[in-house]
Amino acid sequence: MLSSILLTAAATVPTTPEWSPTVGIIISASCLVVLLLSLASKAPKVGPQMPVLPVTVPAFIGAMAFGHVIGIGIVLGLTNIGRL
C-alpha cells in the first residue's frame, strides 16, 4: 500500500535542476544576505563568537540554514517559471 502511494507521488513531482554554478551562486548569495541580515537581530552577541566574523556561532548556523532554505526556494521557483 505504502509503495503504491510513493510511486503515485513520485510521478507528480516536477523535475528539479541539476547542480550548476548558477544554482551555487544563487544559494551562496542567499546565505550571504541572510548572514548580513542576522547582524540586525535583537541579540547578535549571545553565545561564543566566530573567529573572523562579527557574529556568534548560533547566529552563523541559523543564518546558513535559513539561507539555504531561501536559496533552494528561489532555485525551485525560477525553475518552475522557466528562468533557470
Side-chain angles (χ1 to χ4, degrees):
M1 176 69 181
L2 183 62
S3 63
S4 63
I5 293 172
L6 290 176
L7 288 174
T8 304
T12 61
V13 174
T15 58
T16 57
E18 292 185 17
W19 190 90
S20 68
T22 306
V23 171
I25 289 170
I26 291 171
I27 293 176
S28 298
S30 299
C31 288
L32 182 64
V33 167
V34 172
L35 181 63
L36 292 174
L37 290 175
S38 72
L39 294 174
S41 68
K42 290 182 180 179
K45 303 295 182 196
V46 175
Q49 199 66 17
M50 289 290 289
V52 178
L53 299 173
V55 295
T56 60
V57 173
F60 180 78
I61 293 172
M64 290 299 110
F66 188 59
H68 275 81
V69 170
I70 297 297
I72 291 168
I74 292 170
V75 168
L76 291 176
L78 289 174
T79 301
N80 282 338
I81 64 171
R83 297 287 185 185
L84 187 66

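Positions are given from 1 along the sequence.
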Inset, instruction - May I ask whether Leu78 and Ile70 are part of the same hydrophobic cluster, defined by side-chain heavy atoms of I, L, V, M, F, W, Y residues being less than 4.5 angstrom apart, directly or through others? - result: yes
Legend entry - Same apolar cluster (I L V M F W Y, side chains within < 4.5 Å links), Met64/Val75: no
Inset, instruction - List in chain and number order the residues that pass side chain to side chain contact (heavy atoms under 4.5 Å, CB included) with Val57, two or more places apart in sequence or in another chain; answer none if no residue qualifies. - result: Pro48, Met50, Ile61
Legend entry - Close side-chain approach of Val23 to Leu84, heavy-atom, < 4.5 Å: yes
Quiz: residues 26-36 side-chain donor-acceptor pairs under 3.5 angstrom, not counting sequence neighbours:
| from | atom 1 | to | atom 2 | distance (Å) |
| --- | --- | --- | --- | --- |
| Ser28 | OG | Gly24 | O | 2.8 |
| Ser30 | OG | Ile26 | O | 2.9 |

